[in-house]
Amino acid sequence: MADDPDRRSFLKSATCVVGGGIGLVAVAPAIRLVLDPTNQQTVTTPSDPIDVGAAERLRVGPEWRKVDVIAPVVHDAWTTARNVVLGAAWVRRSADTKIEALSATCPHLGCAVGWDLQNAGFLCPCHNSRWTANGQVVANSGPAKRDLDPLPIEIKDGRLQLTWVRYKLDTGSREPA
Ligand code: FES
C-alpha cells in the first residue's frame, strides 16, 4: 500500500488530540487541587457576636473605652486559627441600657483611631482625620470621608456582645467589605 502523506498527517494529529485529551483528563484533578481555592472566598469574618468583656466593667457615662475584638475561631480555606485579633472598638454606656460601639478602624485607610484628650474627640494619627466625641467626622480635618463606623453591640447575660463588621475603606458611604 502506498504511503499516503495526508493519511499519515491525519493519524499524527489524531494521535496528538486523543493523547492530549487523555493526558488532560488524567491531570485535571491535580490541577484543580493545586489551584483550589482560587476565586473562592477563603477567609471569612466571623458574623456571630463576639464577647468583649463583662458589662459591669463599663461605667455608665460619656467616656469611651477601647476594647480588643478577638474572634475565638477563624476558618480559612486550609486552617483554623484561634483567638484572632480582628481589630478594636470604642465602646461606651451612656445609660444603663444604652450601649454603643464604634469601630477603631479608620475609614480612610484602616489605621487605628485613638482618643485625643486635648480635643475631646477621636483622632487618626496616620493622616490627622478627626471625629467628634460622637464619632462624626470633622470637616476638613483630614482625608477620612465618613463618620466612624458603628458596630452592633448588646449586653447578654452580663457580657458585652459585639458584632464585628469590616467596611470598605476610603468611601463616603458605608459598605461592608
Ligand atoms: S488612615 Fe486614618 S486618616 Fe488616613
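Counting starts at 1 for both ligands and their atoms, following the listed order. Everything quoted here is computed from the prediction, not taken from an experiment.
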Handout entry: Protein N, O or S atoms lying under 2.8 Å from atom 4 (Fe) of ligand 1, listed by chain and number
Key = His108 ND1, His127 ND1
Handout entry: Backbone of Cys124 reached by a side-chain donor or acceptor of Trp131 within 3.5 Å
Key = no
Problem - Residue list, side-chain contact (heavy atoms from CB on, under 4.5 Å) with Ala55, at least two apart or on another chain - result: Arg93, Ile155, Leu160
Practice task
Mind checking side-chain contact (heavy atoms from CB on, under 4.5 Å) for Arg59 and listing every partner two or more places apart, or none if nothing turns up?
Solution key: Glu63
Exercise for the section: Not counting sequence neighbours, which residues clear side chain to side chain donor-acceptor pair (under 3.5 Å) with Asn119? List them please. Expected result: Asp116
Practice task
Over 60° means perpendicular and under 30° means parallel, so classify the ring planes of Trp90 and Trp115, tilted if in between.
Solution key: tilted
Practice task
Kindly confirm or rule out an SG-SG distance below 2.5 Å between Cys126 and Cys106.
Solution key: no
